[in-house]
**Student:** 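One structure follows; several queries about it will come next.
So that the names make sense, note that chain A is the first sequence line, chain B the second, and so on, each numbered from 1.
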Amino acid sequence: AQKVTQAQTEISVVEKEDVTLDCVYETRDTTYYLFWYKQPPSGELVFLIRRNSFDEQNEISGRYSWNFQKSTSSFNFTITASQVVDSAVYFCALSAETSGSRLTFGEGTQLTVNP
Amino acid sequence: DAGITQSPRHKVTETGTPVTLRCHQTENHRYMYWYRQDPGHGLRLIHYSYGVKDTDKGEVSDGYSVSRSKTEDFLLTLESATSSQTSVYFCAISSTGNYGYTFGSGTRLTVV
């Protein structure tokens, strides 16, 4: 069985603040893949990043960065200098090798960035 | 441009009626999925397919059936719609599984 927990249901920040979205996962597999998706108010799901379990290198893409720590089973997402357009629901998800191709989602974190 | 479309985009139906949602892809991907999204639950897997006529249940499959007679189409049927099936339904496709998933725009279903 696999599970993803996003303990932060809602986060509210003021523009230009940095914000970190937490993601904790559970799986017994040694090979697995972690994802982050963004769902803006328009409703579509936008892929942000995929990381496999053998690559613990942190990644930065513009104002976005991801911190993958296998020791704590976490894959946290940080937005630096947040902007109003970052307001969305963010989902962390997990796909493990023995689960076939099924993607398990966390409950999502609603981020609101206020001007 | 993602090569995946869902129809209809919105539907209101009455309790007890059958409903079919369609997912169509032009990417020739092997894997197709149906998820439902509800507040506080994220997205939960209903059914998925790993090839033509090859399907399996997800975590919330009760009350739903699926069919995949062609690579490009994956149909989700609510056999007798209930109010608890009011939700937003997303279809997704993947070429290899685990590598990446592309989602459709979603279908908002309301059962009254």
**Student:** Answer yes or no: are there more than 12 heavy-atom neighbours, outside A:Arg51 itself, under 6.0 Å from its atom CZ?
**Tutor:** yes

**Student:** Where does B:Tyr35 contact chain A at under 4.5 Å (heavy atoms): side chain, backbone, both or neither?
**Tutor:** side chain

**Student:** Would you say the ring centroid of B:Tyr101 lies under 6.0 angstrom from that of A:Tyr37?
**Tutor:** no

**Student:** Just to verify, what does B:His47 make a side-chain hydrogen bond (donor to acceptor under 3.5 Å, both in side chains) with, not counting sequence neighbours?
**Tutor:** none

**Student:** Please check if atom NZ in A:Lys16 has more than 12 non-hydrogen atoms from other residues, nucleotides or ligands closer than 6.0 Å.
**Tutor:** no

**Student:** Of the backbone (N, CA, C, O) and the side chain (C-beta and beyond), which part of B:Gln37 lies under 4.5 Å from a heavy atom of chain A, both, or neither?
**Tutor:** side chain

**Student:** So which residue, A:Val89, A:Thr31, A:Thr104, A:Leu45, ends up with the most heavy-atom pairs under 4.5 Å with chain B?
**Tutor:** A:Leu45

**Student:** If a pair satisfies salt bridge (charged side-chain N to carboxylate O under 4.0 Å, His left out) and one of its residues is in residues 70-83 of chain B, list it, with sequence neighbours excluded.
**Tutor:** B:Arg22-B:Asp73, B:Lys70-B:Asp73

**Student:** Name the region of B:Leu45, side chain, backbone, both or neither, that has any atom closer than 4.5 Å to a heavy atom of chain A.
**Tutor:** side chain

**Student:** Start with the C-alpha distance between B:Phe90 and A:Gln39, add both sets of side-chain angles, then the distance that settles side chain to side chain contact (heavy atoms under 4.5 Å, CB included), and finish with yes or no.
**Tutor:** CA-CA 12 Å; B:Phe90 284 96; A:Gln39 186 177 44; 3.5 Å; yes

**Student:** According to a hydrophobic-cluster definition based on side-chain heavy atoms being under 4.5 Å apart (Ile, Leu, Val, Met, Phe, Trp, Tyr only), do A:Tyr64 and A:Ile49 belong together?
**Tutor:** yes

**Student:** Do B:Val19 and B:Val111 sit in one hydrophobic cluster, given that two such residues count as connected whenever their side-chain heavy atoms are within less than 4.5 Å of each other, even indirectly?
**Tutor:** yes

**Student:** Which of residues 3-13 of chain A have a heavy atom under 4.5 Å from any heavy atom of chain B?
**Tutor:** none

**Student:** Hydrophobic clustering (ILVMFWY, side-chain heavy atoms < 4.5 Å, transitive) - are A:Phe75 and A:Leu48 grouped together?
**Tutor:** yes

**Student:** Taking all heavy atoms of A:Arg102 and all of B:Tyr48, pick out the closest pair and write down the distance.
**Tutor:** CD-CE2, 3.3 Å

**Student:** Is there a path from A:Phe91 to A:Leu103 through hydrophobic residues (I, L, V, M, F, W, Y) whose side chains come within less than 4.5 Å of each other?
**Tutor:** yes

**Student:** Excluding sequence neighbours, so at least two apart, what forms side-chain hydrogen bond (donor to acceptor under 3.5 Å, both in side chains) with B:Thr77?
**Tutor:** B:Thr20

